[in-house]
Amino acid sequence: MSAADDRTTVYNVAGMSCVHCKATLTRQIGALDDVLSVDVDLNTGRVTVTTTNEPDDALLAKVVDDAGYELTGRAV
């Protein structure tokens with residue numbers, strides 16, 4: 001699989017407010033299969049996830065929710 005096949009998806013996540021939130025989500029989402037990178041932007045409340053395939057939104061929502069935050073959907 002080449003970099004041209006990678007997918008970058010931006011999600012809106014509620015409840016993030018500090019560096020600990022950023023570290024937690026980066027670690028939890030980054031541990032998922034197919035995840036290449038995670039960028040958490042506390043100012044916008046968005047999490048950018050780059051994966052090798054189409055991301056599993058339901059799995060990402062569960063991981064985010066289990067970490068104590070709420071994935072409210074894909075950013076437009």
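A pairwise comparison of heavy atoms in Ala14 and Thr72 identifies CB-CG2, 4.2 Å as the closest pair. Minimum heavy-atom separation, Ala67 to Thr24: CB-CG2, 4.0 Å. Scanning all heavy atoms of the two residues, the minimum distance from Cys21 to Gly15 falls at SG-O, 4.2 Å.
Residues that satisfy the side-chain hydrogen bond (donor to acceptor under 3.5 Å, both in side chains) test with Ser37, not counting sequence neighbours, are Thr50. Residues passing the side-chain hydrogen bond (donor to acceptor under 3.5 Å, both in side chains) test with Tyr69, sequence neighbours excluded: none. With sequence neighbours excluded, no residue forms a salt bridge (charged side-chain N to carboxylate O under 4.0 Å, His left out) with Asp65. Checked against salt bridge (charged side-chain N to carboxylate O under 4.0 Å, His left out), Asp66 has the following partners two or more places apart in sequence or in another chain: Lys62. Not a single salt bridge (charged side-chain N to carboxylate O under 4.0 Å, His left out) links Arg46 to another residue, sequence neighbours left out.
Considering only heavy atoms from C-beta on, Thr9 comes within 4.5 Å of Arg74 through its side chain. Proximity of Leu60 to Ile29: side-chain heavy atoms (C-beta onward) are separated by under 4.5 Å at one or more points. Side-chain contact between Asp41 and Val47 is absent, with no heavy-atom pair separated by less than 4.5 Å. Side-chain contact between Thr8 and Thr48 is present, with at least one heavy-atom pair separated by less than 4.5 Å. Using a 4.5 Å heavy-atom cutoff, the side chains of Met16 and Leu25 are in contact.
Atom-to-atom distance recorded for Thr51:OG1 and Asp56:CG is 10.0 Å, nearest 0.5 angstrom. In this structure, CG on Asn12 lies 10.5 Å from CD on Glu70, to the nearest 0.5 angstrom. Atoms OH and CG, on Tyr11 and Asp57 in that order, are 3.5 Å from each other to the nearest 0.5 Å.
No continuous path of ILVMFWY side-chain contacts below 4.5 Å connects Leu36 to Val10, so the two sit in separate hydrophobic clusters.
Judged as a salt bridge (Lys or Arg N to Asp or Glu O under 4.0 Å), not a single pair has a partner in residues 11-40 (not counting sequence neighbours).
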